[in-house]
Engineer: 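Dropping a structure here in structure tokens format, bear with me for questions.
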Number of protein chains: 2
Amino acid sequence: MSPRGKVITLQEVADRAGVSRMTVSKVLRGAGNISAETRRRVKQAADELGYLPNNLAGSLSSRKSRMVAVIIPSISDIVFSEVLSGINATLRPRGYQTFIGESGFEPETETELIRAMLSFRPAGILLNGGMARSADAESLLARRTCPAIQLWDCDRHALDFRAGPSHEEAGHLVARHFLERRLKRIAYVGAELDKDLCARRRHLALKSSLAAEGIDLLSVTAEDKPRQAVTGRLLTEQLVRAHPEIEAIHFLNDAMALGGLSYLHEAGLPVPERISVVGFNGTSLANAVRTRLTTIDLPRTEIGEKAAQALLQMIAEETVPDVWRAPLALVQGNTTVTDK
Amino acid sequence: MSPRGKVITLQEVADRAGVSRMTVSKVLRGAGNISAETRRRVKQAADELGYLPNNLAGSLSSRKSRMVAVIIPSISDIVFSEVLSGINATLRPRGYQTFIGESGFEPETETELIRAMLSFRPAGILLNGGMARSADAESLLARRTCPAIQLWDCDRHALDFRAGPSHEEAGHLVARHFLERRLKRIAYVGAELDKDLCARRRHLALKSSLAAEGIDLLSVTAEDKPRQAVTGRLLTEQLVRAHPEIEAIHFLNDAMALGGLSYLHEAGLPVPERISVVGFNGTSLANAVRTRLTTIDLPRTEIGEKAAQALLQMIAEETVPDVWRAPLALVQGNTTVTDK
DNA sequence: TTAGCAGATGTTATCGATAACAAATCAACA
DNA sequence: TGTTGATTTGTTATCGATAACATCTGCTAA
């Protein structure tokens with residue numbers, strides 16, 4: 001079952017082609033000056049034997065690698081998968097392969113992933129900025145030998161480069177949107193704020209912006225529920241039951257907002273006439289049909305692209321600015337009034 | 001910026017602890033018999049220096065690894081992320097780290113990922129069964145040195161183990177559901193059937209089951225559109241415009257079905273009175289509210305768990321059956337009549 | 001004819017760990 | 001006191017590649 005066919009090494013390819021190991025190595029990497037005839041013979045031998053390079057040996061020896069580590073909190077969250085596709089689109093054509101780790105928002109899991117990934121000496125490592133990082137993780141990162149980039153968060157300074165939105169700004173934008181519409185009884189619905197520091201920062205920014213105008217933000221959050229539609233629905237129900245006077249809700253993300261909307265619709269609470277709703281991240285825009293959620297859109301794929309570009313530049317030892325701020329746009333849908 | 005702090009090797013830890021390299025290696029791996037006092041000194045030295053093992057060297061030398069490669073078509077498809085979480089839940093406690101690759105349903109990308117992953121000599125490789133595999137990929141796999149497992153598809157025989165549903169059976173189940181309700185004008189809505197072979201197999205099974213009863217299945221598919229809600233909506237609109245007589249629709253997956261439902265709802269076509277709708281994969285069940293889609297549920301997380309367990313057994317050189325068939329359950333919601 | 005040089009290929013040392021075996025230590029016991 | 005055997009530690013070879021340098025062609029030009 002398991003250890004099957006013999007593993008072919010460079011030496012065997014070399015023997016078959018009648019040249020030295022080194023020549024084979026050069027041919028297969030496209031390095032050095034090798035005659036066309038030798039190249040042909042070597043390639044043929046490698047093909048016939050089905051040679052598969054051993055990256056462990058190659059990277060160990062050259063102290064180089066074409067592997068890029070990406071660690072994200074959740075692969076099912078569409079936000080991250082879009083960032084990732086920007087990363088892949090940029091790195092693959094340049095010959096780099098991304099290996100993904102999923103931390104599930106758990107700092108210990110993230111730490112183990114960082115350890116495992118770094119122990120393969122990757123060409124670079126991309127991490128999500130929005131979560132607490134263990135001391136172990138910090139010290140692992142401090143001793144890394146490759147560039148490290150923080151995704152999805154440009155507020156906190158860390159690592160060599162950051163690509164993402166300012167979550168502070170996002171919170172302020174939502175506050176302004178509500179204030180301009182003279183909404184006073186405002187609530188926030190979220191989940192896992194203890195883990196998702198970016199969401200927490202948006203929440204705090206909203207709260208403080210409102211407080212500056214004398215408005216007290218009501219927050220309904222669940223730390224142990226997923227940041228998904230079901231939870232949005234559930235918490236909205238709780239919220240509306242306990243505080244029927246609420247006029248506006250900002251949700252942690254679009255998915256939760258859609259869940260909340262489904263409850264409001266069923267409960268016969270007209271949106272936006274009775275209650276205004278604002279989401280975050282723009283992932284709902286592609287699917288919007290009758291209900292076009294007012295949300296904050298941001299270039300998710302581009303965040304990945306910018307991060308990957310910065311990585312490539314750093315690998316090439318070029319100097320790079322240390323941050324790319326993703327633009328935020330509050331997109332007016334039909335879940336808040338087109339006041340103003 | 002990039003190559004920073006000096007890399008600490010085993011030798012340096014050994015020097016500081018006043019022992020040999022080998023002793024350090026044994027301590028850190030928990031191998032061999034090492035006295036408590038030596039263990040303490042070594043661990044302290046490693047800590048103080050911030051030693052991070054070099055897996056390239058370690059795996060090369062031992063010809064072993066704790067890395068498991070997983071290659072899935074799409075990380076944003078919730079089906080795969082649930083399978084993956086079953087895999088992680090099983091492998092992590094056993095000290096294995098999964099590295100994920102995303103093929104985007106592209107055979108060439110999959111091939112490159114297989115090449116990259118295998119060149120790190122992983123402990124095992126898990127691949128999605130539902131897509132075409134290039135000849136290069138087949139030959140890479142034929143020469144692998146680790147167990148390989150096929151996910152999400154138990155029909156096609158390949159690799160050392162398969163965990164997944166029978167897609168044939170799924171197609172037959174849907175056919176039976178329609179037939180029992182005496183529905184005659186039946187349509188199928190899907191996308192990317194050229195890439196997703198599992199979906200194609202379900203489609204064919206449905207078609208042939210219906211044909212056996214003299215019913216001709218109408219198929220509306222788009223090869224270049226994502227298998228998501230938007231596409232479901234769009235194709236449903238096309239379908240209903242061109243064939244207003246349709247009585248039942250089976251969708252490729254739940255996401256597309258929900259998209260289709262949103263159109264039917266808007267178009268004023270009552271479900272299930274006028275049109276019955278059936279999805280596939282059960283991912284909508286968690287979020288179901290008013291609309292409870294009739295769908296085929298299957299244990300997605302468990303598929304990952306079974307696959308991972310089989311892998312562990314194969315690594316341990318135990319004998320393993322070569323397939324685990326995931327049970328399928330047609331779950332009656334309120335998008336088909338509760339006839340029968 | 002031969003130095004000089006570019007192009008093509010080979011040699012040797014090395015990357016950083018582990019396997020397999022060897023050696024040293026030590027307690028217990030005849 | 002010396003032998004035995006278990007426990008602990010160290011030595012040497014090796015994993016499979018690449019870097020850096022060495023060597024060997026063959027050809028041009030003085």
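Basis for what follows: all heavy atoms, side chains included, without hydrogens, waters or symmetry-related copies. Throughout, a chain's letter reflects where its sequence line sits, starting with A, and its residues are numbered from 1.
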Engineer: Quickly work out the A/L56 CG to C/dA17 C1' distance and round it to whole Å.
Structural biologist: 11 Å

Engineer: Thinking salt bridges, do A/D322 and A/R162 make one under a 4.0 Å N-O criterion?
Structural biologist: yes

Engineer: Round to a whole Å and report the spacing from CZ of B/R29 to C1' of C/dG16.
Structural biologist: 13 Å

Engineer: Could you tell me which residues satisfy ring pair (Phe, Tyr, Trp, His ring centres under 6.0 Å) with B/F120, sequence neighbours excluded, listed by chain and number?
Structural biologist: A/F99, A/F120

Engineer: Could I get the full list of side-chain contact (heavy atoms from CB on, under 4.5 Å) partners for B/S74, not counting sequence neighbours?
Structural biologist: B/S76, B/D77, B/E102

Engineer: Is the shortest side-chain N/O distance from B/R63 to OP1 or OP2 of D/dT14 below 4.0 Å?
Structural biologist: no

Engineer: Considering just the side-chain nitrogens and oxygens of B/R21, establish if one lies under 4.0 Å of OP1 or OP2 belonging to D/dA13.
Structural biologist: no

Engineer: Testing the 3.5 Å rule here: is there a donor-acceptor pair between the side chains of A/T109 and A/S103?
Structural biologist: no

Engineer: Using 4.0 Å as the upper bound for N to carboxylate O, is an ion pair formed by B/E112 and A/R92?
Structural biologist: no

Engineer: Atom pairs under 3.5 Å, N or O on each side, protein against nucleotides 7-9 of chain C: can you list them with distances?
Structural biologist:
| unit_1 | atom_1 | unit_2 | atom_2 | d |
| --- | --- | --- | --- | --- |
| C/dT9 | OP1 | A/S35 | OG | 3.4 |
| C/dT9 | OP1 | A/T38 | OG1 | 2.5 |
| C/dT9 | OP2 | A/S35 | N | 3.0 |
| C/dT9 | OP2 | A/S35 | OG | 3.4 |
| C/dT9 | OP2 | A/T38 | OG1 | 3.2 |

Engineer: For D/dA17, does OP1 or OP2 lie under 4.0 Å from any side-chain N or O of A/Y51?
Structural biologist: yes

Engineer: The side chain of B/M22 lies closest to which of these nucleotides: C/dA19, C/dC15, C/dT11?
Structural biologist: C/dA19

Engineer: Have a look at B/L84 and tell me which of B/V79, B/L126, B/V70 forms a side chain to side chain contact (heavy atoms under 4.5 Å, CB included) with it.
Structural biologist: B/V70

